[in-house]
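This is a predicted model, so every value here is computed, not measured. Side-chain atoms are counted along with the backbone in the values below, which use heavy atoms only and exclude waters and symmetry mates.
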Amino acid sequence: MTQDNFGFPSDQIMENYNWCKAASRDTALAKMEAFWTRYNQNDERCDDSLTWQYVRHAAFDLAKEYARKGDVNKCLDFIDWIERHG
């Protein structure tokens with residue numbers, strides 16, 4: 001699924017993040033991946049500190065979701081990203 005399939009509720013990053021976080025277990029991972037795709041700036045730190053904070057929160061959330069799913073490699077990929085981007 002792509003980010004367009006989810007119909008984010010607004011153009012506001014905080015509202016979209018909260019919407020992803022409130023998702024059921026069945027859709028949480030896919031919605032957070034869509035959030036990540038939409039807001040991560042090609043693996044580079046963006047200039048907007050609010051966006052950067054939410055991208056980092058999403059990385060933590062994705063690492064947790066992949067750990068719950070049992071996908072150790074994906075979980076470690078996000079932990080590595082967090083370590084590289086502080």
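The minimum heavy-atom distance linking Met32 with Ala58 is given by the pair SD-CB, 3.8 Å. Of all heavy-atom pairs between Phe78 and Ala59, the closest is CB-O, 3.8 Å. Closest non-hydrogen pair, Ala63 versus Ile79, comes out as CB-CG1, 4.2 Å. Taking every heavy atom of both residues into account, Ile13 and Thr51 meet most closely at CD1-CA, 3.7 Å. Heavy atoms only, all atoms of each residue included: Cys20 and Phe8 are closest at SG-CE2, 3.8 Å. Pairing each heavy atom of Ala28 with each of Ala23, the nearest pair is CA-CB, 3.8 Å.
Atom NZ of Lys74 is separated from atom CG of Leu29 by 8.5 Å, given to the nearest 0.5 angstrom. Here the CG-CH2 distance, from Leu62 to Trp36, works out to 7.0 Å after rounding to the nearest 0.5 Å. Between Asp77 atom CG and Ile82 atom CD1 the span is 11.0 Å, to the nearest 0.5 Å. Between Asp61 atom CG and Lys21 atom NZ the span is 3.5 Å, to the nearest 0.5 Å. Atom SG of residue Cys75 and atom NZ of residue Lys69 lie 12.0 Å apart, to the nearest 0.5 angstrom.
Under a hydrophobic clustering in which Ile, Leu, Val, Met, Phe, Trp and Tyr are joined whenever their side-chain heavy atoms come within less than 4.5 Å, directly or via other members, Trp52 and Phe60 fall into the same cluster.
In this structure, Glu15 places its CD atom where more than 12 heavy-atom neighbours from other residues, nucleotides or ligands lie under 6.0 Å away.
Using bins of under 30°, 30° to 60° and over 60° for the plane-to-plane angle, the ring pair His57/Tyr17 lands in the tilted bin. Aromatic ring pairs are classed by plane angle as parallel below 30°, tilted from 30° to 60° and perpendicular above 60°; the pair Tyr39 and Phe35 is tilted.
Within the 3.5 Å criterion, the main-chain N or O of Met14 finds a donor-acceptor partner in the side chain of Asn18.
A salt bridge links Arg38 with Asp11: the distance from a Lys NZ or Arg NE/NH1/NH2 to an Asp or Glu carboxylate oxygen falls below 4.0 Å. Ionic pairing of Glu65 and Arg25 is present here: one or more N-O contacts between side-chain nitrogen and carboxylate oxygen are shorter than 4.0 angstrom.
Using a 4.5 Å heavy-atom threshold, the side chains of Arg56 and Trp81 count as touching.
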